[in-house]
> 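Sharing a structure below in structure tokens format, with a few things to ask.
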Protein chains: 2
Amino acid sequence: MKTREKIIQTALDFFNKKGYANVGVREIARSLGISPGNLSYHFSKKEDILFVLAKQHSLTNDQSFEDFLEKEATLENFLVLMMSILKSQYLHRGALLELSLIAADIQTDDRLNYTETSRRRQATLKNILELLATNGHLKASASDIQFLISFLKLFARFSMQEAFLLDSFREEKEVISYYLNMLAIQMALFATAKGKRSIERFRSKYLTE
Amino acid sequence: MKTREKIIQTALDFFNKKGYANVGVREIARSLGISPGNLSYHFSKKEDILFVLAKQHSLTNDQSFEDFLEKEATLENFLVLMMSILKSQYLHRGALLELSLIAADIQTDDRLNYTETSRRRQATLKNILELLATNGHLKASASDIQFLISFLKLFARFSMQEAFLLDSFREEKEVISYYLNMLAIQMALFATAKGKRSIERFRSKYLTE
DNA sequence: GTCTATAAGACGATAGAC
DNA sequence: GTCTATCGTCTTATAGAC
């Protein structure tokens with residue numbers, strides 16, 4: 001693995017374990033057996049590592065959305081999509097948590113076009129929900145869809161942070177199951193009989209112990 | 001106002017505006033016209049200011065819960081309770097955001113008994129929802145109530161953070177209305193006809209433009 | 001690309017005079 | 001309670017050898 005890749009990976013490990021603010025660049029360098037100067041060569045600012053990690057997460061999510069759109073628009077596949085997103089959230093939690101704090105800077109920063117990305121995501125989400133409605137999986141009015149979008153935005157952005165905040169000791173699998181179950185219940189409230197069966201298929205595949 | 005009080009107030013203003021990590025103790029002192037040493041006399045650690053603010057928020061919430069329990073258990077009053085909580089969240093957002101980050105430390109810290117408080121809150125929430133069910137406002141099974149608790153935990157803890165992160169430009173009133181409307185829709189999904197009327201009363205009193 | 005060495009500047013925190 | 005002065009540590013940046 002290239003040094004640059006190793007820095008990214010090690011930094012994420014430390015951020016997840018100790019929190020961004022409590023990790024020094026010296027510490028990352030020492031743990032890799034390289035000099036701080038060398039780390040500076042690859043990332044002149046500590047914050048730059050953060051943005052690379054956020055970008056990585058964003059690209060992973062793009063891929064998850066693409067994967068969904070290539071398949072049939074069912075609630076089962078939708079839950080698979082959300083599972084991928086939550087897994088990436090979990091993986092990048094130390095970076096995403098910190099990103100919330102420099103929110104003011106983010107919005108005018110061009111390394112991540114943050115507001116544009118979240119606008120795009122919201123439009124994609126709306127398309128997906130409407131697709132699920134036409135496919136007979138959701139019985140949702142326009143205002144129901146608006147509500148679900150509000151819910152999903154909050155859910156996708158913060159559920160892993162809640163897990164990290166309150167129960168940092170829990171295993172990934174346990175955490176993800178908890179939130180996917182919550183999501184399944186919410187979606188079932190707006191699902192048709194066909195949609196409910198699709199949710200049950202997801203449940204039996206991924207949520208059984 | 002005493003110096004100590006002025007420090008707390010000014011610190012919160014700065015935290016809300018720039019984020020905890022981007023505010024120095026020197027900056028707070030300068031804006032108050034006192035020396036950094038004097039600020040250190042009142043708060044030996046910057047973190048201590050954070051904990052005072054968090055405690056302030058927690059006590060405000062305690063009061064909101066007490067107020068609710070003295071009134072009739074209706075969905076209208078429940079939404080009023082949540083409105084109070086959201087307002088305090090909004091007021092303390094700069095501090096609460098940062099608190100997420102030192103979560104690991106918090107759990108073993110005795111300045112805030114964090115895990116105990118959240119356990120207590122969850123029990124209170126469960127009681128309230130069960131009260132609403134017996135009062136004929138909610139038609140919710142035991143598992144429905146479990147779901148609502150999961151939702152409300154996430155909602156109460158992170159909705160204001162979402163607002164702060166994505167739309168820091170919006171006014172308090174606008175932000176609160178958006179989330180109260182979202183909450184009203186969620187509760188209506190489990191409400192009886194009587195409960196729905198109670199929600200509508202809340203809506204007409206507080207959510208009209 | 002990688003290293004050593006080092007300096008600048010900001011920060012939280014502390015010591016001691018008044 | 002309030003001040004000035006200072007310490008130690010951190011990020012960031014740069015110069016120059018290999």
Side-chain angles (χ1 to χ4, degrees), chain A residues 1-54 94-95 97-106 108-112, chain B residues 1-54 94-95 97-106 109 111-112:
Chain A
M1 209 189 323
K2 282 199 155 53
T3 300
R4 186 186 152 87
E5 300 304 317
K6 281 195 277 190
I7 292 170
I8 294 171
Q9 185 54 51
T10 305
L12 179 55
D13 289 344
F14 274 112
F15 294 164
N16 282 345
K17 208 178 302 164
K18 305 178 55 181
Y20 177 81
N22 302 319
V23 179
V25 287
R26 286 170 174 75
E27 188 177 3
I28 299 170
R30 198 181 331 120
S31 121
L32 282 169
I34 65 172
S35 69
N38 190 9
L39 197 148
S40 268
Y41 169 76
H42 290 284
F43 294 97
S44 60
K45 298 176 68 174
K46 182 183 166 191
E47 221 187 48
D48 292 342
I49 308 177
L50 201 61
F51 280 93
V52 167
L53 286 167
L97 204 54
E98 178 63 27
L99 220 58
S100 307
L101 287 187
I102 42 177
D105 313 337
I106 289 177
T108 49
D109 199 301
D110 50 355
R111 279 168 294 183
L112 293 171
Chain B
M1 211 189 321
K2 282 198 154 55
T3 300
R4 186 187 151 86
E5 300 305 316
K6 282 196 277 190
I7 292 170
I8 294 171
Q9 186 54 53
T10 305
L12 180 55
D13 289 345
F14 274 112
F15 294 165
N16 282 345
K17 208 178 303 165
K18 306 177 56 182
Y20 177 83
N22 302 318
V23 178
V25 286
R26 286 170 174 76
E27 187 177 4
I28 299 170
R30 198 181 330 121
S31 120
L32 283 169
I34 65 173
S35 69
N38 189 10
L39 196 148
S40 271
Y41 169 77
H42 290 283
F43 295 95
S44 61
K45 297 176 70 173
K46 181 185 170 190
E47 224 187 46
D48 291 342
I49 308 177
L50 203 60
F51 281 95
V52 168
L53 287 167
L97 203 56
E98 179 63 27
L99 219 60
S100 308
L101 285 188
I102 42 178
D105 312 338
I106 288 178
D109 199 301
R111 279 168 294 183
L112 293 171

> Rounded to the Å, how far apart are A:L39 CG and D:dT14 C1'?
16 Å
> Any side-chain N or O of A:N38 less than 4.0 Å from the OP1 or OP2 oxygen of C:dG1?
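For C:dG1, OP1/OP2 do not have a side-chain N/O of A:N38 under 4.0 Å.
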> Using a 6.0 Å distance limit plus a 45 degree cone around the ring axis, check whether A:K45 lies over the aromatic ring of A:F51.
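No, a cation-pi geometry is absent between A:K45 and A:F51.
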> Taking atom C1' of D:dT12 as reference, at what distance in whole Å does atom CD1 of A:I28 sit?
14 Å
> Could you state the atom-to-atom distance from CD of B:E27 to P of C:dA10 in whole Å?
12 Å
> To the nearest 0.5 angstrom, please state how far the OG1 atom of B:T10 sits from the CZ atom of B:R30.
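Going from the OG1 atom of B:T10 to the CZ atom of B:R30 covers 13.0 Å.
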> Using whole Å, report how far CD1 of B:I7 lies from C1' of D:dG1.
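So the two atoms are 11 Å apart, to the nearest Å.
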> Nearest 0.5 Å, what's the CD1-CG distance between A:I7 and A:L32?
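So the CD1 of A:I7 and the CG of A:L32 are separated by 6.5 Å.
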> Which heavy atom in A:A29 sits nearest to a heavy atom in A:L39, and how many Å separate them?
N-CD1, 3.9 Å
> From CZ of A:R30 over to C1' of D:dC10, roughly how many Å is that when rounded to an integer?
13 Å
> Between P on D:dT2 and NZ on B:K2, what's the gap in Å once rounded to a whole number?
10 Å
> To the nearest 0.5 Å, what is the distance between CG on A:L97 and CZ on A:F15?
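If we round to the nearest 0.5 Å, A:L97:CG and A:F15:CZ are 12.0 Å apart.
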> Mind calculating the distance between NZ (B:K18) and C1' (C:dA10) to the nearest angstrom?
12 Å
> Along nucleotides 12-18 of chain C, 5' to 3', which nucleotides get a B, which get an S, and which get a -, given that the test is a protein heavy-atom distance under 4.0 Å?
BSB----
> So, does A:T3 get its side chain near the phosphate of C:dT2, meaning an N or O under 4.0 Å from OP1 or OP2?
yes
> Looking only at heavy atoms, what is the nearest atom pair of B:R26 and B:P36, with distance?
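In terms of heavy atoms, the two residues are closest at CG-CG, 4.3 Å.
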> Find the distance B:H42:NE2 to D:dG1:P and express it as a whole number of Å.
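Between P of D:dG1 and NE2 of B:H42: 6 Å.
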